[in-house]
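The structure under discussion appears below in the form of structure tokens.
Letters A, B, ... are given to chains in the order of the sequence lines, protein chains preceding strands, and every chain is numbered from 1.
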There are 2 protein chains.
Amino acid sequence: MAQPQHGTVRNRLLKAVSPDDFARLAPHLEAQPIKLRQVVITPNEPISHACFIEEGLCSIISHTAEGRLEIGTVGYDGFVGTPLALGTNRTPHASLVQAEGTMLCIPAAAFRAALDESATLRGVLVRYVQSLIVQVGQTVYANADLNIEGRLARWILMIHDRLQKDEMPLTHDFMALMLGVRRPGVTTSVHILEGAGLIKAMRGRVRVLDRERLMELAGDTYGVAEAEYERLLAEA
Amino acid sequence: MAQPQHGTVRNRLLKAVSPDDFARLAPHLEAQPIKLRQVVITPNEPISHACFIEEGLCSIISHTAEGRLEIGTVGYDGFVGTPLALGTNRTPHASLVQAEGTMLCIPAAAFRAALDESATLRGVLVRYVQSLIVQVGQTVYANADLNIEGRLARWILMIHDRLQKDEMPLTHDFMALMLGVRRPGVTTSVHILEGAGLIKAMRGRVRVLDRERLMELAGDTYGVAEAEYERLLAEA
DNA sequence: GTTGGTTAGTGCGCTATCGCACCAAAATTT
DNA sequence: AAATTTTGGTGCGATAGCGCACTAACCAAC
């Protein structure tokens with residue numbers, strides 16, 4: 001398998017690291033397709049790889065006996081396996097694939113070795129973790145303050161950002177799971193958003209029509225984390 | 001001001017670091033009292049210090065135009081200023097004091113220098129960040145799945161752990177703010193918990209009577225993050 | 001083209017929680 | 001002792017979302 005080139009990767013973190021740091025990672029990076037619903041990280045089991053997403057989408061899931069719920073979303077803006085950058089190799093959270101694509105995976109040991117060697121690499125990756133914390137914090141806030149429409153709007157925006165396609169593969173059932181609400185609740189809210197002309201819904205797919213007004217609905221639960229990501233990526 | 005001694009600090013992270021790492025931090029650590037409602041970290045402003053809590057309690061708050069809401073709790077188990085350990089000096093989240101006490105504060109520059117020098121110190125502190133992420137994740141889950149009683153039970157348990165006193169200074173108003181619910185909603189739930197003999201409520205104070213049954217009420221929103229903290233602290 | 005599975009739409013009673021508004025008691029100040 | 005502030009208690013109509021259950025499209029495979 002050919003090594004990925006710094007110039008051609010799509011992942012924003014890999015693009016952001018210095019050529020030296022990229023060179024540290026590249027020999028170990030292996031492209032891997034990700035398939036719908038595939039579990040990338042199993043709760044409480046050793047994380048074998050850190051995976052930089054090139055295309056597609058993963059969800060971080062709080063996963064307990066009684067239910068599951070998305071707490072964060074990762075796309076080509078980040079990587080799955082943040083615990084490896086935080087000094088441990090497991091986590092009670094699951095990560096699973098929400099939209100197909102590919103990712104570049106590096107074995108845990110090589111990843112941690114690279115991090116130990118390079119402070120600048122470490123910097124980029126832990127700043128990403130910080131942006132993820134902000135994202136999760138906004139999720140807490142959204143779940144508390146918004147009705148289903150609002151939360152759906154926020155969530156669609158976040159997916160839209162990370163897939164960069166107006167049409168996204170989303171079933172009501174899956175959205176209900178992610179938002180932690182009943183499936184018929186999603187159906188109703190989808191209709192409202194559709195009636196207002198913000199989205200177009202088709203079987204298994206949603207098309208974004210009006211980002212502006214989706215953002216209005218999401219209020220300040222959308223935007224803070226996104227701005228923070230950009231700011232952190234720009235920091236040296 | 002006398003430097004704190006490794007043997008006498010109460011903060012669990014400071015206790016957990018190696019003598020060498022403690023020696024790195026100690027010359028810069030300054031004890032500081034924390035007062036009720038004091039803002040330790042102002043959103044989007046440079047964080048001047050990392051503060052290891054010795055006694056008392058801080059809340060991390062998601063703070064927006066329309067409302068505020070607790071997303072995490074820090075006591076003698078951790079430190080305030082995690083963004084400094086994640087390569088940045090600001091965050092959109094606020095941190096404010098929920099219960100009086102003292103903390104040991106180290107200036108940001110010295111803190112980051114120490115982190116750059118010592119991989120082991122870094123390890124302890126970023127593992128704490130990981131435990132905090134799990135905590136926030138559980139908060140998402142609790143807010144989605146539990147009624148007010150359950151959330152209140154979880155929250156009281158978390159405060160109880162961090163204050164290590166059965167009687168805790170908590171007004172209904174403040175609990176409502178932290179949980180993101182109406183104040184009268186808290187009043188009702190406090191009565192229910194009190195009626196069931198789980199707590200005793202007094203003006204401005206709550207006394208824990210029955211942890212076991214509080215844990216039942218909180219279900220698996222309580223315990224996961226706590227176990228993860230212990231596991232991570234124990235990791236070399 | 002029929003079968004079977006997946007996805008979406010609908011109805012209905014129930015309940016937790018909200019929003020708003022007001023009162024009561026305790027603590028603090030003067 | 002009176003006044004003010006802080007904190008806690010209560011009531012009530014409105015409503016968002018739930019649980020449960022069933023129907024209806026759409027899709028794929030045989």
Does a side-chain N-to-carboxylate-O contact under 4.0 Å join Arg211(B) and Asp166(B)?
no

For residues 221-232 of chain A, the salt bridge (Lys or Arg N to Asp or Glu O under 4.0 Å) pairs (sequence neighbours left out) are Arg12(A)-Glu230(A), Glu228(A)-Arg231(A), Arg231(A)-Glu235(A)

message: Classify the ring geometry of Phe79(A) against Tyr128(A): parallel below 30°, tilted from 30° to 60°, perpendicular beyond 60°.
response: tilted

In short, salt bridge (Lys or Arg N to Asp or Glu O under 4.0 Å) pairs touching residues 190-207 of chain A with sequence neighbours left out are Glu167(A)-Arg205(A), Glu167(A)-Arg207(A)

Residue set satisfying side-chain hydrogen bond (donor to acceptor under 3.5 Å, both in side chains) with Asn11(B), at least two apart, ordered chain then number -> none

For atom NZ of Lys15(B), decide whether the heavy atoms of other residues, nucleotides or ligands shown that lie under 6.0 angstrom number more than 12.
yes

In this structure, CG of Leu163(B) is separated from CD1 of Ile156(B) (nearest 0.5 Å) by 12.0 Å

Considering only nitrogen or oxygen atoms on both sides, find all protein atoms under 3.5 Å from nucleotides 17-24 of chain C and state each distance.
from    : atom 1 : to        : atom 2 : distance (Å)
dT17(C) : OP1    : Ile148(B) : N      : 2.9
dG19(C) : N7     : Arg182(B) : NH1    : 2.8
dG19(C) : O6     : Arg182(B) : NH1    : 3.0
dC20(C) : N4     : Arg182(B) : NH1    : 3.4

With a 4.0 Å cut-off (strictly under) to non-hydrogen atoms of chain A, the first and last hit nts on DNA chain D, 5' to 3', are dG17(D) to dC27(D)

Ile199(A) atom CD1 is separated from dA8(C) atom P, nearest whole Å, by 11 Å

Contacts of Thr187(A) meeting side-chain hydrogen bond (donor to acceptor under 3.5 Å, both in side chains) (sequence neighbours excluded), chain-then-number -> His172(A), Arg183(A)

From CZ of Arg205(A) across to P of dT7(C) the rounded distance in Å is 13 Å

